[in-house]
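Just so we're on the same page: letters track the sequence lines, and every chain starts at 1. The structure presented is a predicted model; accordingly, all values stated were derived computationally and were not measured.
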There are 2 protein chains.
Amino acid sequence: MAKLQGHARNDGTVGQPSSSEGAGTRERILDISLELFTTQGYEKTSLREIAEQLGFSKAAIYYHFESKEAILMALHLRLHALGLDALRNINRETITLEVWSTLLDHLIDQMLSHRALFILHERNRTAFEALHHDERHDAEHDDIESLFRSALANQNIPLKDRVRVACAFGSVIVGLVMTGNAFVDVPDFELGEMLRVIVHDILVPSSSE
Amino acid sequence: MAKLQGHARNDGTVGQPSSSEGAGTRERILDISLELFTTQGYEKTSLREIAEQLGFSKAAIYYHFESKEAILMALHLRLHALGLDALRNINRETITLEVWSTLLDHLIDQMLSHRALFILHERNRTAFEALHHDERHDAEHDDIESLFRSALANQNIPLKDRVRVACAFGSVIVGLVMTGNAFVDVPDFELGEMLRVIVHDILVPSSSE
DNA sequence: GTCTATATAGGGATAGAC
DNA sequence: GTCTATCCCTATATAGAC
């Protein structure tokens with residue numbers, strides 16, 4: 001687990017091919033894996049299958065990645081690399097529904113631009129959770145999910161509001177990643193606008209109080 | 001796949017132990033599997049692991065189930081066995097947002113009573129989808145998911161409404177199964193009421209038109 | 001109905017040639 | 001940077017004793 005391979009880069013560098021251009025094989029591996037992990041699931045996808053689609057042998061993958069898990073980790077880091085710092089640097093104690101509304105607006109944009117990544121995460125929860133347990137990727141693992149989870153557990157926020165935040169989050173998730181191909185014809189901008197309106201309806205409700 | 005084993009029941013019978021009371025080993029297997037499949041994922045869970053928790057050997061499971069897949073199928077049938085016929089017998093062409101609201105009310109009740117089953121399904125999408133492809137369990141496979149999916153693709157319903165249905169569905173899913181243990185302290189009835197209110201807010205919005 | 005023992009296959013991973 | 005060949009392990013599933 002901790003042993004680093006000779007010349008492979010296992011860190012989160014999004015990098016170009018190191019010396020001469022090798023057409024970014026590393027990125028091709030990640031792209032194919034992203035697709036297969038999403039459709040078949042992480043565990044059901046074998047390295048042989050990935051290599052097959054790439055046109056070369058299974059063992060070649062090990063030049064680029066230390067292990068199968070490392071591929072998933074790299075995809076995980078792609079998610080982290082999205083500009084979600086805005087979401088992480090908020091004060092979790094004094095947060096209001098209006099702030100959540102703004103955050104979800106940003107999140108909708110990110111999800112529209114990187115739908116495939118979010119779908120991967122959605123459909124491989126257990127695999128990603130196993131990642132967290134194995135390798136502590138420094139500090140507190142701060143993806144968007146856990147940000148929301150911590151908010152949902154925050155006793156300072158009234159329960160009713162927390163449930164609404166959860167539902168707003170769920171609306172975005174389902175609207176963008178869980179519907180399969182139901183809304184593929186709809187332009188991203190249009191779909192995003194609709195979701196923003198609905199999120200607003202959830203967080204600033206007409207009924208009650 | 002098609003070969004039936006000697007004395008095992010591979011159909012959907014929820015049945016009691018056949019002859020003398022064997023304490024319903026079949027159901028015990030399903031309960032343990034439900035738990036392990038949910039926490040670790042279907043693929044990551046081995047029959048040895050299941051047997052271990054049951055206190056007997058791996059091979060014994062094969063007396064009760066033809067295969068590992070058959071266990072998942074049996075759990076799938078538990079979902080089917082929930083009284084969701086009301087949802088299936090609706091007219092999909094002339095359905096309105098009000099009708100959807102009613103259906104979701106029922107769904108919330110079902111999810112509250114059988115949370116574990118829905119969580120299992122949520123976290124093992126790919127495994128369940130593989131089931132559908134392998135074995136055509138007669139007729140059109142009519143679980144709740146596909147009911148919603150067909151509604152989301154129904155061109156007779158305005159796009160805006162379809163997106164709202166998706167979000168309402170998503171709110172219920174996330175509120176009940178995707179939040180982990182965030183709302184475990186909240187009594188089912190209270191949580192259900194909150195969700196019903198929010199679903200109403202989504203489907204009968206204050207903003208727009 | 002549960003056991004032990006075994007067959008068989010496939011997975012991840014490594015060594016070393018090119 | 002990719003290959004072939006191989007190791008080792010674990011998984012599902014079967015056979016047959018008790």
Exercise for the section: Output yes when a side-chain donor or acceptor of A:Thr179 lies under 3.5 Å from a complementary backbone atom of A:Ala182, and no otherwise. Expected result: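 No, because the side chain of A:Thr179 does not come within donor-acceptor range (under 3.5 Å) of the backbone of A:Ala182.
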Problem - Side chain A:Ser33, main chain A:Ile29, donor-acceptor under 3.5 Å - result: yes
Problem - B:Lys68 NZ/CZ over B:Tyr42 ring centroid, <6.0 Å and within 45° of normal - result: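 Here B:Lys68 passes the 6.0 Å and 45° test against B:Tyr42.
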Exercise for the section: Using only side-chain N and O atoms of B:Tyr63, determine if any of them is under 4.0 Å from OP1 or OP2 of C:dT2. Expected result: no
Practice task
Return no unless some side-chain N or O of B:Thr25 is found under 4.0 Å from OP1 or OP2 of C:dG1.
Solution key: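 False: B:Thr25 side-chain N/O out of range (4.0 Å or more) of C:dG1 OP1/OP2.
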Completion exercise
CZ of B:Arg123 to OG1 of A:Thr126, rounded to nearest 0.5 Å, is 6.0 Å
Without decimals, in angstroms, what is the distance between [X] [atom1] and [N] [atom2]?
| X | N | atom1 | atom2 | result |
| --- | --- | --- | --- | --- |
| A:Ile61 | D:dT2 | CD1 | C1' | 11 Å |
| A:Phe65 | C:dT14 | CZ | C1' | 18 Å |
| B:Glu52 | C:dT4 | CD | P | 13 Å |
| A:His64 | D:dG1 | NE2 | P | 6 Å |

Practice task
Could you tell me which residues satisfy salt bridge (charged side-chain N to carboxylate O under 4.0 Å, His left out) with B:Asp31, sequence neighbours excluded, listed by chain and number?
Solution key: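 Partners of B:Asp31 by the salt bridge (charged side-chain N to carboxylate O under 4.0 Å, His left out) criterion, ordered by chain and then number, come out as B:Arg78.
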Problem - Annotated protein contacts, base or backbone, on nucleotides 3-12 of chain D with a non-hydrogen cut-off under 4.0 Å, one of B, S, - each - result: BB------SB
Exercise for the section: Would you check if there is a donor-acceptor pair between the side chains of B:Gln40 and B:Glu49 at a distance under 3.5 Å? Expected result: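 Yes, B:Gln40 and B:Glu49 have a side-chain donor paired with an acceptor closer than 3.5 Å.
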